[in-house]
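Here is the structure we will look at.
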Amino acid sequence: KLHAQMASLGFLRFVTGVNANNEQAKFDLPTALYYGQSDKAASIVRDNVTAKAQTVQSAIRVFVAQTIDWAYNDTK
C-alpha cells in the first residue's frame with residue numbers, strides 16, 4: 001500500500017544508470033527508499049510524503065534530500 005501511495009506522488013522504487021558492462025540498467029532501491037524529482041522545496045516534498053505515508057502507517061520517518069548530481073555503483 002505504501003508503494004502505491006508513493007507512486008501516486010511520482011516516486012519510484014528504482015533508479016536507472018549504467019551497469020558494470022556500460023549498459024543502461026535499472027537498479028532497485030532498498031525497501032522503503034524512493035526516488036523522485038520535483039521543483040518544490042524539500043520541506044514541501046517532505047510534508048506531501050508524510051501525509052501520504054501516514055494513510056498507511058502512523059509512525060513513520062521521512063527524509064528528503066535535494067541533490068544536484070549523484071552516482072551509483074553496483075558490483076553484483
Side-chain angles (χ1 to χ4, degrees):
K1 201 169 183 182
L2 178 60
H3 301 321
Q5 294 291 15
M6 295 302 290
S8 76
L9 292 173
F11 287 94
L12 306 172
R13 297 175 60 204
F14 62 88
V15 295
T16 58
V18 177
N19 65 16
N21 296 323
N22 206 30
E23 301 165 328
Q24 194 70 18
K26 181 179 91 169
F27 302 98
D28 294 326
L29 296 172
T31 302
L33 184 64
Y34 298 88
Y35 169 78
Q37 297 178 337
S38 176
D39 60 354
K40 295 179 174 67
S43 60
I44 292 171
V45 174
R46 179 205 57 212
D47 293 346
N48 291 342
V49 168
T50 298
K52 284 284 189 178
Q54 284 183 320
T55 66
V56 177
Q57 181 176 326
S58 60
I60 60 163
R61 291 184 179 121
V62 176
F63 175 82
V64 174
Q66 289 179 311
T67 61
I68 294 172
D69 192 15
W70 63 274
Y72 177 80
N73 189 10
D74 186 347
T75 59
K76 291 185 200 177

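Here, residue 1 is the first one in the sequence, and each next residue gets the next number.
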Exercise for the section: Answer yes or no: is there a side-chain heavy-atom contact under 4.5 Å between Tyr35 and Thr16? Expected result: no
Fill in the blank from the handout: For Ile60 and Gln54, the nearest pair of non-hydrogen atoms, with its separation, is CD1-CG, 3.8 Å
Problem - Leu2 side, atom CG; Tyr34 side, atom OH - distance, nearest 0.5 Å - result: 3.5 Å
Practice task
Compare all side-chain heavy atoms of Val18 with those of Gln24 and state whether any distance is below 4.5 angstrom.
Solution key: yes
Exercise for the section: State plainly whether one hydrophobic cluster holds both Leu33 and Phe11, where clusters connect Ile, Leu, Val, Met, Phe, Trp and Tyr through side-chain heavy atoms under 4.5 angstrom apart. Expected result: no
Fill in the blank from the handout: On a heavy-atom basis, the closest approach of Gln66 and Ala41 is NE2-CA, 4.0 Å
Fill in the blank from the handout: The reported gap from OG1 in Thr67 to CD in Gln37 (rounded to nearest 0.5 angstrom) is 9.0 Å
Exercise for the section: Determine, using the 4.5 Å side-chain heavy-atom cutoff (strictly less than), whether Met6 and Leu29 are members of one ILVMFWY cluster. Expected result: no
